[in-house]
Number of protein chains: 2
Amino acid sequence: MARDYGWELSTAVVLFHEAVARRLGLNAAEHKALGVILRGGPMPIGALAPELGVGATALTGIVDRLEKAGYVLRQPDPADRRRTLLVADPTKTPDLGGIFADLGRAMGEFQSRYDEQEMAVITDYLDNTIRVLRAQVAKLTQTDPGRA
Amino acid sequence: MARDYGWELSTAVVLFHEAVARRLGLNAAEHKALGVILRGGPMPIGALAPELGVGATALTGIVDRLEKAGYVLRQPDPADRRRTLLVADPTKTPDLGGIFADLGRAMGEFQSRYDEQEMAVITDYLDNTIRVLRAQVAKLTQTDPGRA
DNA sequence: CTGGATAGTCCACTCTAGTGGAATATCTGG
DNA sequence: CCAGATATTCCACTAGAGTGGACTATCCAG
């Protein structure tokens, strides 16, 4: 068998995620939560529950730790005073902005060598790969025998 | 900002890993261990410690669970009777072979549409991406402030 | 053959992160 | 205004997974 790019990429991605989390001092749940907040913008705490697959009561602790570490801030929602909005803390964001800027720079370095047509092939490939992976996740989750 | 393929792919990969592990009834450490064994072939138990980043004493439990679930077998090492070799259990492997066969089939479905030159571009891209990710992991791990 | 190193295991302990239930504050439909 | 629903938090508890230390069996250098 030649090089298994799928396996290698997959492993590299997972290790990268773990390395980032470790670097930030976050566990898997916290890291995932932070990612959701960074991508999704300010959102009520409860919105994290389905994303993380944990109960609502666990969120208090997760958010506590994220806040204590300085990555997010709790802000009362003016529109609904029961809610607490989570916003990424801009004063701490550079820390992890730096990580991804570094990654982006390194990626851009070789990406710039592809012409437009080549990039089209690559994005097509990535698009399809993402689609397939998501479909597999859906399938695996669907037929999940549960956590016995 | 257009679609962020890097983020989407990365997320999809991580979710896929998690879904597989959940499907197999394994936690992160066990899943990783199984991956190492499947890729690396029979190996003494102790060889897993550096891979997983856990102490030697934790391995007994991890291997116990993997063995109980039927994914690996303990076999005495004839060359060194202190050692116990871990081998993937071929009778159970189909379970997860099925998962990856399914993935491989789905990937092959669209991959077959690329011609040789296009595949060369794609593998070049993947190769570079893997290289960059590994470099970033090394960098992050190096400057790791430790788990305070 | 012997003394020290190595592989694996067992044990008691600890730490983390989750759960369910209850409390509080707030919103919303009638 | 009131009754029920919703968002978050607090609390006591539990389950899991790792640690360090000690033990056994085995290997190997001298």
Side-chain angles (χ1 to χ4, degrees), chain A residues 17-18 21-22 24-37 40-69 71-87 144 146-148, chain B residues 14 17-18 21-37 40-69 71-87 144 146-148:
Chain A
H17 267 252
E18 289 175 0
R22 196 165 47 243
L24 299 178
L26 303 176
N27 67 22
E30 292 150 13
H31 185 205
K32 195 186 269 190
L34 181 56
V36 172
I37 296 164
M43 63 180 64
I45 290 179
L48 292 174
E51 301 281 346
L52 306 187
V54 299
T57 60
L59 294 174
T60 302
I62 292 171
V63 173
D64 279 352
R65 294 190 290 271
L66 277 179
E67 194 177 30
K68 190 166 187 180
Y71 296 112
V72 301
L73 292 173
R74 278 182 167 98
Q75 276 190 342
D77 183 344
D80 183 339
R81 305 217 309 274
R82 289 170 303 179
R83 286 193 184 142
T84 302
L85 292 179
L86 291 176
V87 298
D144 197 334
R147 12 182 110 223
Chain B
V14 171
H17 266 251
E18 288 175 0
R22 197 165 46 243
R23 187 72 164 71
L24 298 178
L26 304 176
N27 66 24
E30 291 150 14
H31 185 206
K32 196 186 270 191
L34 181 55
V36 172
I37 296 163
M43 64 181 65
I45 290 179
L48 292 174
E51 301 280 348
L52 306 186
V54 298
T57 60
L59 294 175
T60 302
I62 291 171
V63 172
D64 279 351
R65 296 190 289 271
L66 277 179
E67 193 177 31
K68 190 167 186 178
Y71 296 112
V72 302
L73 293 173
R74 278 181 167 98
Q75 276 191 342
D77 183 344
D80 184 340
R81 304 217 309 274
R82 289 170 303 179
R83 285 195 184 141
T84 303
L85 293 179
L86 291 177
V87 297
D144 197 334
R147 14 182 108 224

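The basis for the numbers below is simple: all heavy atoms, side chains too, and nothing from hydrogens, waters or symmetry mates. Residue numbering restarts at 1 for every chain, and letters A, B, ... go by the order of the sequence lines.
- If you take CZ of B:Arg65 and C1' of D:dA17, they are 6 Å apart, rounded to a whole angstrom.
- A:Gln75 has its CD atom 17 Å from the C1' atom of D:dA7, to the nearest Å.
- Here the side chain of B:Arg81 is nearest to one of D:dT8, C:dG8, D:dT26, namely D:dT26.
- A:Ala29 comes within 4.0 angstrom of sugar-phosphate atoms only, judged by non-hydrogen atoms across all strands, and of no base.
- Across every non-hydrogen atom of A:Ile62 and A:Ala33, the tightest pair is CG2-CB, 4.2 Å.
- Contact check for B:Tyr71 versus B:Leu26: side-chain heavy atoms found under the 4.5 Å cut-off.
- When the P atom of C:dA17 is taken as reference, atom CD1 of A:Ile62 falls 9 Å away, rounded to whole Å.
- Taking side-chain N and O atoms only, B:Arg83 has no distance below 4.0 Å to OP1 or OP2 of D:dC27.
- A sub-4.0 Å separation between OP1 or OP2 of D:dA5 and a side-chain N or O of A:Arg82 is absent.
- Taking atom CG of residue A:Asp77 and atom P of nucleotide C:dC27, one finds them 9 Å apart after rounding to whole Å.
- Rounded to whole angstrom, the span from the CD1 atom of B:Ile45 across to the P atom of C:dT6 amounts to 18 Å.
- The listed nucleotides are D:dT8, C:dA17, C:dG18; the one nearest the side chain of A:Ala58 is C:dG18.
- Counting non-hydrogen atoms under 4.0 angstrom, A:Gly61 reaches nothing in the nucleic acid.
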For this session: Apply side-chain contact (heavy atoms from CB on, under 4.5 Å) to A:Arg74 and A:Asp64, showing your working.
Result: CA-CA 9 Å; A:Arg74 278 182 167 98; A:Asp64 279 352; 3.0 Å; yes
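- Within 4.0 Å (heavy atoms only), B:Leu59 reaches no atom of the nucleic acid at all.
- Within 4.0 Å (heavy atoms only), A:Thr84 reaches sugar-phosphate atoms of the nucleic acid but no base atom.
- Residue A:Arg74 places no side-chain N or O under 4.0 Å from the OP1 or OP2 atom of D:dA7.
- Residue B:Leu86 contributes atom CG, which lies 8 Å from atom P of C:dG8 at whole-angstrom precision.
- When the side-chain nitrogen and oxygen atoms of B:Asn27 are compared with OP1 and OP2 of D:dG16, none of them lie within a distance under 4.0 Å.
- Of the residues near DNA chain C, A:Gly55 and B:Leu85, the one whose nearest nucleotide (by heavy atom distance) lies more toward the 5' end is B:Leu85.
- Side-chain atoms of A:Leu24 and A:Leu34, non-hydrogen and from C-beta on, do get closer than 4.5 Å to each other.
- In this structure, B:Lys32 atom NZ and D:dG18 atom P are separated by 11 Å, rounded to whole Å.
- Ion pair B:Glu51/B:Lys32 not flagged as a salt bridge, since none of the NZ, NE, NH1 or NH2 atoms sits closer than 4.0 Å to an Asp/Glu carboxylate oxygen.
- When the C1' atom of D:dT8 is taken as reference, atom CG of A:Asp64 falls 11 Å away, rounded to whole Å.
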